[in-house]
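In what follows, a single structure is set out as structure tokens and then discussed.
Letters go in sequence order (proteins before strands), and every chain restarts at 1. If you're wondering where the values come from, they're calculated on a predicted model, not measured in any experiment.
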There are 4 protein chains.
Amino acid sequence: MSSTAADSTAAAPTRRPGRRRDAAKDALIVDAARQLMVEHGFDAVTMDDVAERAGVGKATVYRRWASKVHLAVDAMTAAIPTLTVDDVPDTGTLRGDIMMLPGLIHRAREDAATDLLGPARDHPEIADQLHQRLARDRVAVIRGLLERAQVRGEVPAGRDLDMIAAVGPAVIFYAKAFSGEQFTPELLERVVDGVVLPLALGQPA
Amino acid sequence: MSSTAADSTAAAPTRRPGRRRDAAKDALIVDAARQLMVEHGFDAVTMDDVAERAGVGKATVYRRWASKVHLAVDAMTAAIPTLTVDDVPDTGTLRGDIMMLPGLIHRAREDAATDLLGPARDHPEIADQLHQRLARDRVAVIRGLLERAQVRGEVPAGRDLDMIAAVGPAVIFYAKAFSGEQFTPELLERVVDGVVLPLALGQPA
Amino acid sequence: MSSTAADSTAAAPTRRPGRRRDAAKDALIVDAARQLMVEHGFDAVTMDDVAERAGVGKATVYRRWASKVHLAVDAMTAAIPTLTVDDVPDTGTLRGDIMMLPGLIHRAREDAATDLLGPARDHPEIADQLHQRLARDRVAVIRGLLERAQVRGEVPAGRDLDMIAAVGPAVIFYAKAFSGEQFTPELLERVVDGVVLPLALGQPA
Amino acid sequence: MSSTAADSTAAAPTRRPGRRRDAAKDALIVDAARQLMVEHGFDAVTMDDVAERAGVGKATVYRRWASKVHLAVDAMTAAIPTLTVDDVPDTGTLRGDIMMLPGLIHRAREDAATDLLGPARDHPEIADQLHQRLARDRVAVIRGLLERAQVRGEVPAGRDLDMIAAVGPAVIFYAKAFSGEQFTPELLERVVDGVVLPLALGQPA
DNA sequence: TCTTAATCGAGACGGTACGTCGTGTCTTTCC
DNA sequence: GGAAAGACACGACGTACCGTCTCGATTAAGA
């Protein structure tokens, strides 16, 4: 669940003495952080806020996460069910498959995650976590759908599937981050029909 | 009434008395902020640092910018020469035109500007500034190039030029922000040849 | 009038050109400072406050007084009419004479002047002004009354008149400054009858 | 010891958890403040200076004292050993007893405390502390010596001991504050022999 | 009459202290 | 020894004030 929390599932043949770490607290803390950050943004949330909301001491938080950024990464991503191609029902067409995605993804969290881009810059290993969870997962699923469509014969061989899979999330993120546009079904349709499908299905240039 | 006496009642935009704000200080401060932030990142730079480097009192900074974020937005964007289509020499082909762009854009600043996405969230009017300067300018130029190519006959009528113009910056930004990829000529070629040109020049889906 | 304002009476046979200083502004500024400081205390009043209340630019203030403390000294003391023995009607008895004093002195300003003791410490020449105006004047008057009483035969020769004259003001100031007692006719009577008159009139120890 | 620091001696049968305030820090801070203020004066000392000298964070200072003035009051008075009559050896005569006092009192601090009279004005509860510690203690001791002398038969019954006890400190403070005189043995003698003893021992007026 | 120089109100300026607050660590008491 | 509570060192933030400087307008004196 957490990239930095001690792995409580590790086989510990010789358990050390002392009270065991309450695994339930992990969830409490992550939930508190997620709620607060989704609502107020990364900067406006303090570690004291998180600890208080979680009904937990600050030390307990820091015993599990090394910093606010570490926690935020987990908070923003942990609860996102790792979507895989198999989770997307086969509708028979690439377009149909792609249109299923928004319903499967909770987007509020991705917005909040934007706040992490800056702070995560000087923590490469954290940025990595963030990237993996937000972008790679998302792109990987679309890539899977493209492959499925290729098997089906919809998508010709020889296309740069990695690139095409990335275009959709990229444009939508860009529109949100820089142009302030909200995500809407119309935007999705415009991207899918104007960019993704032409690239995937259209004639070679 | 004298013919030479300045008519003080004339359209005088009623300048208030008092010492005028030294316009040169604006540049001094913005430059200091830009240099420091490009080098160390948003969080590592303090307002005292900026004031000291600019040779200016902190009050002077706060008289012109309401907060660190406000200043940073200007610092990261003000000095970016507003690129217009006319700045891009006409190479005769859309591909050639687009390939000119990286040389015309200074990218270090855009990286630093990423740090601002988070802090700017809770200041919509600031985010607006940021968006306008970073994204809209960039996209507008490409849109101009597309129109130029359309006039030239390269690009068929009826294409969603806005969308196509946005795809390039979007994919490149996404690659940098989420996948940690650096901008390289190869990435540019892959995007241009794999996405932008097919969409702009290719057959309708 | 002012200890630090430029001496306009200085013999200047060759006056330089230029606008003359508006003498009326001196009073305006001093009055503003006095009102504000009596009401709010030294620290709570800013030079901007004074300038604004006086309807004057800050530079005009600083052209006449070197600092806030300098101005405050004048403000607190300038308007105190320099009391002399001759202003005190001869009631025929030392006690009667002394009892006239409170009615002749405006005390609110002395309270406000207390605020100056601290700030004036590191400006000896200012402290000097303050001392002279507040204490010496006051004590000098009482000394005059003692001498008058000595002529009258009330006070025996050989008494330390300087010391006796100082005791009254000292005790009353001490009571106000350190014990927080307000000045009342009762306090005055207690000091006069319990301390000053015994020392002045009583038998030698 | 401290007017505003939490009273750690409060009977707390159920102490709350949490790190206790390090009582040693109180002394560290007060000592730092006292040294700096005695040396440089109230205005020239900053809270950062105090914190640094004390080896303490600024927040720790502000957790215990609400403002610079609050701290200064404690700093200037806390370390003054509360002198009582019992600390004054019985020399057999009132004069002898009184002459012991200067050696028992450290005066540098009282000078520095003068700086507080102004700033403390708009904080009545602070002024109260200051008054109590500086004046009342001092006067109380002298009053004790007077009573001791009364028992001894030196001082006749019916004298206003409160007033007589206050006269000495008052005159000496007045001389210092308003006339700029330094405290000297000569001044003391003049006050004792010219004012205090005549009032205490002399014939009724 | 024209030039020169000082004053004026307004307010920007450099410097600096204040008091607040956030992070991440450490300490105390209870379990 | 883990947990809640909260003190602690460090350091940035944004505000406020002091005393100086600059601006355009005004007002005298001298050429």
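- Residue-to-nucleotide contacts include no donor-acceptor pair under 3.5 Å from the side chain of D:Arg19 to the base of E:dT28.
- For the pair C:Val69 and C:Phe42, the minimum side-chain heavy-atom distance is below 4.5 Å.
- Atom CZ in B:Arg53 sits roughly 19 Å away from atom C1' in E:dG15 (whole-Å rounding).
- Here B:Asp22 pairs with B:Lys25 under the salt bridge (charged side-chain N to carboxylate O under 4.0 Å, His left out) rule; sequence neighbours left out.
- Between F:dC8 and D:Lys25, no contact under 4.0 Å exists linking OP1 or OP2 to a side-chain N or O.
- Residue pairs meeting the salt bridge (Lys or Arg N to Asp or Glu O under 4.0 Å) criterion with at least one partner in residues 57-69 of chain B, sequence neighbours excluded, are B:Asp26-B:Arg64, B:Asp48-B:Lys58.
- A:Glu39 meets the side-chain hydrogen bond (donor to acceptor under 3.5 Å, both in side chains) test with no other residue; sequence neighbours excluded.
- Out of F:dG19, F:dC8, E:dT23, the shortest distance to the side chain of D:Arg21 is found at F:dC8.
- Mapping D:Thr46 and C:Gly55 onto DNA chain E via the closest heavy atom, the residue that lands nearer the 5' end is C:Gly55.
- Nearest-nucleotide positions on DNA chain E for A:Asp48 and C:Asp48 put C:Asp48 closer to the 5' end.
- Within 4.0 Å of B:Val50, counting heavy atoms only, lies no atom of the nucleic acid at all.
- As judged by a 4.0 angstrom heavy-atom cut-off over every strand, D:Val69 is placed among residues making no nucleic acid contact.
- In terms of the side-chain hydrogen bond (donor to acceptor under 3.5 Å, both in side chains) criterion, residue partners of C:Asp49 (sequence neighbours excluded) are, by chain and number, C:Thr46.
- Here the P atom of nucleotide E:dG22 and the NE2 atom of A:His40 are 13 Å apart, to the nearest Å.
- With sequence neighbours excluded, the residues forming a side-chain hydrogen bond (donor to acceptor under 3.5 Å, both in side chains) with B:Gln35 are B:Arg53, listed by chain and number.
- Near DNA chain F, defined here as any heavy-atom distance below 4.0 Å, the residues from residues 56-65 of chain B are B:Lys58, B:Tyr62, listed numerically.
- Direction change of the helix axis from one end of the helix from E:dT3-F:dA29 to E:dC31-F:dG1 to the other is 20°, with five pairs defining each end axis (rounded to 10°).
- For the pair C:Arg20 and E:dA6, the criterion of a side-chain N or O lying under 4.0 Å from OP1 or OP2 is not met.
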